[in-house]
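Take a look at the structure set out below.
Just so you know, these numbers come straight off a predicted model, no measurement behind them.
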Amino acid sequence: MIHRTLHAVFAVAVSAGLFLAFAPAAPAATPEELVKARQQHMKKFGGGMQTIGKFLKGEGGTVEDVQKAAAQIDEAAKGDFTALFPPGTAAPVAESAAKPELWQNLPKAQQQWVDVKPAADKLVTAAMTGEKAQIAQAQQAAGKACAACHEDFRIKKN
Ligand code: HEC
């Protein structure tokens, strides 16, 4: 009895597996979609940094807003570099502002990407304290991590 039940479960699992194996693959994302996805991802960073900047300048927002913004930045920093910067998505494709040089210096760009995470972690910790001085220091450090890559690999907009 138990054996038969297990057998049935196994059969279901196998057919589910086969179904997945034969399910049509999701259509590959176009370069336009990939660039848009990267820009959306960057906007999560940008929005978070803006919220924190406003708070620091006394232009509004609460410590909770800062904590949420820091969490948003930290979450975005977990994004997969390779997925965000796939080949074939350099400017001028889809009006991307990503310099082709990024793909000629992938290890450097990837390191710059990886460096954002610890800076974002510190921003989260600083936001927890609710102390402006600490938040300001952590925000500056995070901003430097962003700027390192932007200076090398992002086309400046006028
Ligand atoms: C590894 C490189 C890299 C890092 C690190 C990085 N960026 Fe970017 N960022 C780019 C590139 C490249 C673009 C241009 C994207 C495109 O247009 O395809 C960009 C674009 C942006 C944009 C404009 C998005 C739009 O609307 O088109 C914002 C805002 C931004 N980044 C904010 C940030 C912030 C804030 C951080 C740090 C928390 C950060 N970025 C870290 C490479 C990076």
Side-chain angles (χ1 to χ4, degrees), residues 16 19-21 23-158:
F19 174 74
L20 285 178
T30 63
E32 285 74 19
E33 285 165 345
L34 294 167
V35 167
K36 179 67 51 196
R38 176 168 61 231
Q39 291 173 341
Q40 290 302 120
H41 200 95
M42 289 290 168
K43 280 194 170 92
K44 288 184 205 161
F45 277 153
M49 291 295 267
Q50 257 180 358
T51 300
I52 299 171
K54 270 190 187 164
F55 173 82
L56 290 173
K57 283 188 234 153
E59 290 173 2
T62 62
V63 169
E64 282 90 82
D65 294 331
V66 170
Q67 287 168 351
K68 271 192 211 146
Q72 181 180 320
I73 293 166
D74 200 43
E75 189 57 37
K78 288 183 197 155
D80 180 61
F81 175 81
T82 310
L84 284 166
F85 296 94
T89 62
V93 169
E95 294 179 35
S96 169
K99 288 186 188 172
E101 283 82 352
L102 189 149
W103 285 268
Q104 288 145 24
N105 295 279
L106 275 178
K108 185 179 184 191
Q110 182 154 20
Q111 187 56 53
Q112 288 168 335
W113 179 257
V114 166
D115 288 345
V116 174
K117 184 70 174 80
D121 287 343
K122 283 186 189 147
L123 192 53
V124 168
T125 309
M128 298 303 266
T129 70
E131 282 179 38
K132 270 199 172 178
Q134 293 205 35
I135 296 167
Q137 198 181 31
Q139 195 228 20
Q140 256 182 23
K144 269 189 193 159
C146 313
C149 182
H150 288 171
E151 276 163 20
D152 286 342
F153 302 124
R154 183 184 174 195
I155 295 168
K156 282 182 191 70
K157 297 239 164 95
N158 298 310

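Heavy-atom contacts from other residues, nucleotides or ligands closer than 6.0 Å to CD of Glu95 number 12 or fewer. Taking a 6.0 Å sphere around NZ of Lys99, one finds it holds more than 12 heavy atoms contributed by other residues, nucleotides or ligands. Remark: Lys144 NZ is loosely packed, at most 12 non-hydrogen atoms of other residues, nucleotides or ligands lying under 6.0 Å away.
Ring geometry for Trp113 against Phe45 counts as tilted: the plane angle lies between 30° and 60°, on a 0 to 90° scale.
Checked by atom type and distance alone, the side chain of Glu33 pairs as donor or acceptor with a backbone atom of Thr30 at under 3.5 Å. At least one donor-acceptor pair under 3.5 Å links the side chain of Gln72 to the backbone N or O of Lys44. Under a 3.5 Å cut-off, the side chain of His41 and the backbone N or O of Ala76 do form a donor-acceptor pair. Panel note: side chain Thr125, backbone Asp121; a donor-acceptor pair is recorded below 3.5 Å. Between the side chain of Asp80 and the backbone N or O of Ala83, at least one donor-acceptor pair lies under 3.5 Å.
What you find for Leu34 and Pro86 is that their closest heavy atoms are CD1-CG, 3.8 Å. Minimum heavy-atom separation, Pro100 to Ala90: CA-CB, 3.7 Å. The minimum heavy-atom distance linking Pro31 with Val93 is given by the pair CB-CG1, 3.6 Å. Residues Ala127 and Val63 approach most closely at O-CG1, 3.9 Å, considering heavy atoms. Here the shortest heavy-atom pairing between Asp115 and Ala145 reads O-CB, 4.2 Å. Nearest heavy-atom pair, Val35 versus Ala94, reported as atom, atom and distance to 0.1 Å: CG1-O, 3.9 Å.
Side-chain contact between Gln112 and Phe153: present, with at least one pair of heavy atoms (C-beta onward) separated by less than 4.5 Å. Taking the side chain as every heavy atom from C-beta outward, Phe55 and Ile135 approach each other to under 4.5 Å. Here the side chains of Val124 and Gln67 are not in contact, with every heavy-atom distance at 4.5 Å or above. Annotation: side chain of Leu102 is not in contact with side chain of Asp152 (no heavy-atom distance under 4.5 Å). You'll find the side chain of Gln104 reaches within 4.5 Å of the side chain of Glu101, heavy atoms only. Residues Gln139 and Leu56 meet the side-chain proximity criterion, which asks for heavy atoms closer than 4.5 Å. With a 4.5 Å cut-off on side-chain heavy atoms, Ser96 and Arg38 count as touching.
To the nearest 0.5 Å, atom NZ of residue Lys54 and atom NZ of residue Lys57 are 9.0 Å apart. Atom CD of Gln137 and atom CD of Glu131 lie 11.5 Å apart (nearest 0.5 Å). A distance of 7.5 Å separates SG in Cys146 from CD1 in Ile73, rounded to the nearest 0.5 Å. To the nearest 0.5 Å, the span separating CE on Met42 from CZ on Arg154 amounts to 8.0 Å. Summarising the geometry, atom CD belonging to Gln134 is positioned 12.5 Å from atom CE belonging to Met128; distances are rounded to the nearest 0.5 Å.
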Quiz item: Given Leu123 and Ile52, is the side chain to side chain contact (heavy atoms under 4.5 Å, CB included) satisfied, shown in steps?
Solution: CA-CA 10 Å; Leu123 192 53; Ile52 299 171; 3.8 Å; yes
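Here Lys117 pairs with Asp74 in a salt bridge; the nearest charged N to carboxylate O distance falls below 4.0 Å.
For an aromatic pair to be called close, the ring centres must be under 6.0 Å apart, and Trp103 with Phe81 fails this.
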